[in-house]
Amino acid sequence: MKKLLCYLKNYIKETVLGPLFKLLEALFELVVPLVVAKIIDVGIKQNDSNVIIVYSIVLICLGIVGLISAITAQYFAAKAAIGFATKIRSAVFEKFQAFSYSTIDKLGKSKMVTTITNDINQIQTGVNLTLRLLLRSPFIVFGSMVMAYIIDPSMSIIFIVMIPLLFISVFAIMKITIPRYRQIQENLDSMVLSVRENINGVRVIRAFGSDDYEKNEFLSKNKKMNKLQNITGVISSVLNPLTFVIVNFCIIALVWFGALKVDGGYLSQGQVIALYGYLSQILVELLKLANLIVNVSRSFAAGDRVESVL
């Protein structure tokens, strides 16, 4: 994958500006719960409509600027990812054209087709997601924890307990599923090869009466891949309920201790709502980070296959 990164040299500006605009969007998101807290504690509590209107306008402005930042970041990330993939695809195609017949037979036509289509698409998706989420998600997670500490240091203990638990859950499941995703890709290559061989050699297969053998061979590979995908899907599906269970227990603790602090006059209702907002942001960003890790792992596996061709 390192050798492929040289094709990004024409998109340095995009690879810098994309993540920067995403960080700008994340910064606005971290301010939103504080603005909501002000509306509740000052506007609603004191029945001050002017404060509600002013801070509501601030919320709308934050949303608009955040949207513009997100669209700009997406534009730069897409431009870099698509341009990067286009250059790699051109290089791979030129390499294929220069191969001898013996090299083509050695590689296999199915691998060549898979490399120039599926593998390069995987790389493109990985680059796009990396530019958008690699800095944003950790920034939101740790930024939310810092903001929670600023609001109330003792309540931030809930965040300090929750974040490692979520990280352990996410990365434990990723560690199990990532190798299986690579096996699925290898099985897909094998199935493509089998189908292509059957199409190219259909006359020979019929002449020797090998139809049943080839059908059984394909069904065996298909069944194996189906089983592997089902197992991987079941393990991956555990991620959402597991993380939601952890977060919901943390929400219960937050509301419980927050109510006691509000009753004692140490916290306001708006601050508790702000803490809940930061808790929700952490959950969303960790799930995005998990998705990023899966896609990047697939991209690295695809990148290794592309490099072996080049």
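Treat the numbers as computed from the prediction; the structure is a model and nothing was measured. Only heavy atoms go into these numbers, but all of them, side chains included; no hydrogens, no water, no symmetry mates. The chain is numbered in sequence order, starting from 1.
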Chemist: Do Leu133 and Leu20 belong together in a cluster built from hydrophobic side chains that touch within less than 4.5 Å?
Modeler: no
Chemist: Mind listing the side-chain donor-acceptor pairs of residues 155-162 below 3.5 Å, one per line with the distance, residues two or more places apart or on another chain?
Modeler:
{"from": "Ser156", "atom 1": "OG", "to": "Pro153", "atom 2": "O", "distance (Å)": "2.5"}

Chemist: Nearest 0.5 Å please: distance from the CD atom of Gln74 over to the OG1 atom of Thr72.
Modeler: 10.5 Å
Chemist: How far does CD of Glu307 sit from CD1 of Ile88, to the nearest 0.5 angstrom?
Modeler: 9.0 Å
Chemist: Rounded to the nearest 0.5 Å, how far apart are OG of Ser69 and CD1 of Ile64?
Modeler: 12.0 Å
Chemist: If you group Ile, Leu, Val, Met, Phe, Trp and Tyr by side-chain heavy-atom gaps below 4.5 Å, do Val146 and Leu279 land in one group?
Modeler: yes
Chemist: I need the minimum non-hydrogen distance between Leu131 and Ala80, along with the two atoms involved.
Modeler: CD1-CB, 3.8 Å
Chemist: Quick one: list whatever passes salt bridge (charged side-chain N to carboxylate O under 4.0 Å, His left out) with Arg136, sequence neighbours left out.
Modeler: Glu25, Glu29, Glu285
Chemist: With a cut-off of 3.5 Å and sequence neighbours excluded, list every side-chain donor-acceptor pair involving residues 246-264.
Modeler:
{"from": "Asn248", "atom 1": "ND2", "to": "Phe244", "atom 2": "O", "distance (Å)": "2.9"}
{"from": "Lys261", "atom 1": "NZ", "to": "Ser154", "atom 2": "OG", "distance (Å)": "3.1"}

Chemist: Between the side chain of Asn121 and the main-chain N/O of Thr117, is any donor-acceptor distance below 3.5 Å?
Modeler: yes
Chemist: If hydrophobic clusters are built by linking Ile, Leu, Val, Met, Phe, Trp and Tyr wherever their side-chain heavy atoms come under 4.5 Å apart, do Ile150 and Val141 end up in the same one?
Modeler: yes
Chemist: Does Phe93, at its CZ atom, have more than 12 non-hydrogen atoms belonging to other residues, nucleotides or ligands within less than 6.0 Å?
Modeler: no
Chemist: Could you pull out the closest heavy-atom pair between Thr130 and Leu292, with the gap in Å?
Modeler: N-CD1, 3.6 Å
Chemist: In this structure, are over 12 heavy atoms from other groups packed under 6.0 Å from Asn230 atom CG?
Modeler: yes
Chemist: I need the minimum non-hydrogen distance between Ile140 and Leu30, along with the two atoms involved.
Modeler: O-CD2, 4.1 Å
Chemist: Do Ile231 and Lys227 have side chains that approach each other closer than 4.5 Å (heavy atoms only, starting at C-beta)?
Modeler: yes
Chemist: Does Phe139 CZ have over 12 foreign heavy atoms under 6.0 Å away?
Modeler: yes
Chemist: Return the minimal non-hydrogen interatomic distance between Pro19 and Glu14, and the atom names on each side.
Modeler: CD-O, 4.2 Å
Chemist: Working to the nearest 0.5 Å, report the span between NZ of Lys288 and OG of Ser137.
Modeler: 6.5 Å
Chemist: How far apart are the C-alpha atoms of Leu34 and Met147, what are their side-chain angles, what is the distance that settles it, and do they pass the side chain to side chain contact (heavy atoms under 4.5 Å, CB included) test?
Modeler: CA-CA 9 Å; Leu34 295 180; Met147 297 301 283; 3.1 Å; yes
Chemist: With a 3.5 Å distance limit and no angle check, can you tell me whether Asn128 reaches the backbone of Ala81 through a side-chain donor-acceptor pair?
Modeler: no
Chemist: When clusters are formed by joining ILVMFWY residues with side-chain heavy atoms under 4.5 Å apart, either directly or through shared neighbours, do Leu67 and Leu27 land in the same one?
Modeler: no
Chemist: Residues two or more places apart in sequence or in another chain: which of them pass side chain to side chain contact (heavy atoms under 4.5 Å, CB included) with Ile176?
Modeler: Arg180, Ile235
Chemist: CD1/Ile282 to OH/Tyr278 distance, rounded to the nearest 0.5 angstrom?
Modeler: 10.5 Å
Chemist: Can you check whether Asp41 reaches Gln271 side chain to side chain, under 4.5 Å on heavy atoms?
Modeler: yes
Chemist: Members other than Val31 in its cluster, when Ile, Leu, Val, Met, Phe, Trp, Tyr link by side-chain heavy atoms under 4.5 Å?
Modeler: Leu17, Phe21, Leu24, Phe28, Val32, Val35, Val36, Ile39, Ile40, Val42, Ile44, Val51, Ile52, Tyr55, Val58, Leu59, Leu62, Val65, Tyr75, Phe76, Ile273
Chemist: What pairs with Lys87 under salt bridge (charged side-chain N to carboxylate O under 4.0 Å, His left out), at least two apart in sequence or on another chain?
Modeler: none
Chemist: Is there a path of hydrophobic side-chain contacts, each under 4.5 Å between heavy atoms of I/L/V/M/F/W/Y residues, joining Ile82 to Ile71?
Modeler: no
Chemist: For Ile151 and Ala274, which heavy atoms make the closest approach, and how far apart are they?
Modeler: CD1-CB, 3.9 Å
